[in-house]
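In what follows, a structure is listed as structure tokens, so that the remarks can point back to it.
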Amino acid sequence: MQTIIEPFRIKSVEPLRWTTRERREELLKAAGYNLFKLRAGDILIDLLTDSGTSAMSTEQWAAMMRGDESYAGSESFYRFEHAVKDLTGFQHVIPTHQGRAAERILFSILCKPGDIVPNNTHFDTTRANIEFNGATAVNLPVPAASDTQARLPFKGNMDVYALERLIENEGVDRIPLVMITITNNSGGGQPVSMANLEAIRRVTAQRGIPLYLDACRFAENAWFIKRDEPGYERLSPREIACKMFSLADGCTFSAKKDAFANIGGFLCTNNPRLAEQETNLLILTEGFPTYGGLAGRDLEAIAVGLEEVLQPEYLEYRIASTAYLGRHIADHGVPIVEPPGGHAIYIDAGRMLSHIPREQYPGQALAVELYRHAGIRSVEIGSVMFGKTAMHELLRLAIPRRVYTQSHIDYLVEAILEVNERRHEIRGFEIESEPEFLRHFSARFRPCPPVMHPA
Ligand SMILES: Cc1ncc(COP(=O)(O)O)c(C=O)c1O
């Protein structure tokens, strides 16, 4: 059979809620045109994030009933630890309440003012946690990543030559770790090849610098390697994932992505001294080492999710359904980051709304318009999120795992194409008020005056 179907059937449903366009306009005004400030009940299709928004399976719900909520030595922890060690091979596994808690612990131990942490592209929380410790977060994407339209595989790779130069110029002592984000979320959800991971491993190992994976979407990355990298077609996603982890010295992980959990994360290392320091910090802010800020039932859900996410039928459907959205809008003239990534489609809003300058946030303008038009929530990944370090002005449509069906996606396609038809009417925004960190969460915006088109 050629048709790829959702590899699940639905047992429990959650009704959607419709609003009128007038109501959405009022809600937008009240929220300062910041979609993070909307109530979820006022959203029809929520593509703000794929993080923590997965539908859990019957096996995960069943496992949650087994949750052992003991303060110390919980059986759930040992099942969780076994699942993580079996997959990653790392010797020390530290549970955290989500990915950024793992980042905070790792960077506050490893980074000091003046240090530099390279990444293919830092996610906003990794950048913020590094900068909070006085270090500098540096992005080293491959040159191909700068062309959103180039249909090349593995545009999430790190520029190995640029990494070597950075280490040479700045000195090994200033680089406490190198990090690779798989898949490269802020770089358009593009995957990283095994060859690139191996090359970075060689560079870091020769110089004694630890290599860490930001492994949130390791399974989707493994599927791209299986599909597109010669020599891996016959390996299972699990075998590929194990090989990816074996190249690193540790990882941070948000279980809210490729573990189908609604909360959770972990931090891994092979270094016993570091593990001890991390555990001490964990106790201070997250909890005892056998739960680390999570309930026993959450640990159970993660353990099962880590198995399920590597099923080939799931990964084939997942990557194909994301590409379905991408192809259907791109083939009708909407510029997306090519080729479609794993967990999201990124519209190149800077290109689509070329009449809106960078300083007026084309990605934000498009996010607002999609909500106003069709009740769809998405997120700007550009100058609002990253300030001057933004490489592109993107709008991310993140697809929650196992949540929406093909007809939801068809509705999205229709809405996006309608907005694209009258894109010249869309106005930019300026920031009215903003906090110091992570401004996209709470900044308020106001619409800019209409653009005057030359006659
Ligand atoms: C690549 C990447 N790293 C880290 C994080 C942070 O994880 P969490 O939201 O669980 O704190 C995210 C979340 O979206 C992410 O996409």
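Any value given below was found using the heavy atoms of this structure, including those in side chains, with hydrogens, waters and symmetry copies removed. This chain uses plain numbering: 1 for the first residue, then up along the sequence. First listed ligand is number 1; within each ligand, the first listed atom is number 1.
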How would you list, by chain and number, every residue that makes a ring-ring contact (aromatic ring centres under 6.0 Å, His included) with Phe266, sequence neighbours excluded? Phe80, Phe253

Below 3.5 Å, can you tabulate the donor-acceptor pairs from side chains in residues 136-147 to any protein atom, sequence neighbours excluded?
{"residue": "Asn139", "atom": "OD1", "partner": "His122", "partner atom": "N", "Å": "2.9"}
{"residue": "Ser146", "atom": "OG", "partner": "Pro143", "partner atom": "O", "Å": "2.7"}
{"residue": "Asp147", "atom": "OD1", "partner": "Gln149", "partner atom": "N", "Å": "2.9"}

Return the protein residues near ligand 1 (heavy atom under 4.0 Å from any of its atoms), ordered by chain and residue number. Ser51, Gln98, Gly99, Arg100, Glu103, Phe123, Thr125, Thr181, Asn185, Asp214, Cys216, Arg217, Ser254, Lys256, Lys257

What pairs with His92 under ring-ring contact (aromatic ring centres under 6.0 Å, His included), at least two apart in sequence or on another chain? none

For the residue pair Arg402 and Phe260, would you count it as a cation-pi contact if the rule is NZ or CZ under 6.0 angstrom from the ring centre and within 45 degrees of the ring axis? yes

Which value, rounded to the nearest 0.5 Å, describes the distance between Thr148 atom OG1 and Arg351 atom CZ? 4.5 Å

Taking all non-hydrogen atoms of both residues, which atom of Phe218 and which atom of Met244 are closest, and how far apart? O-CE, 3.4 Å

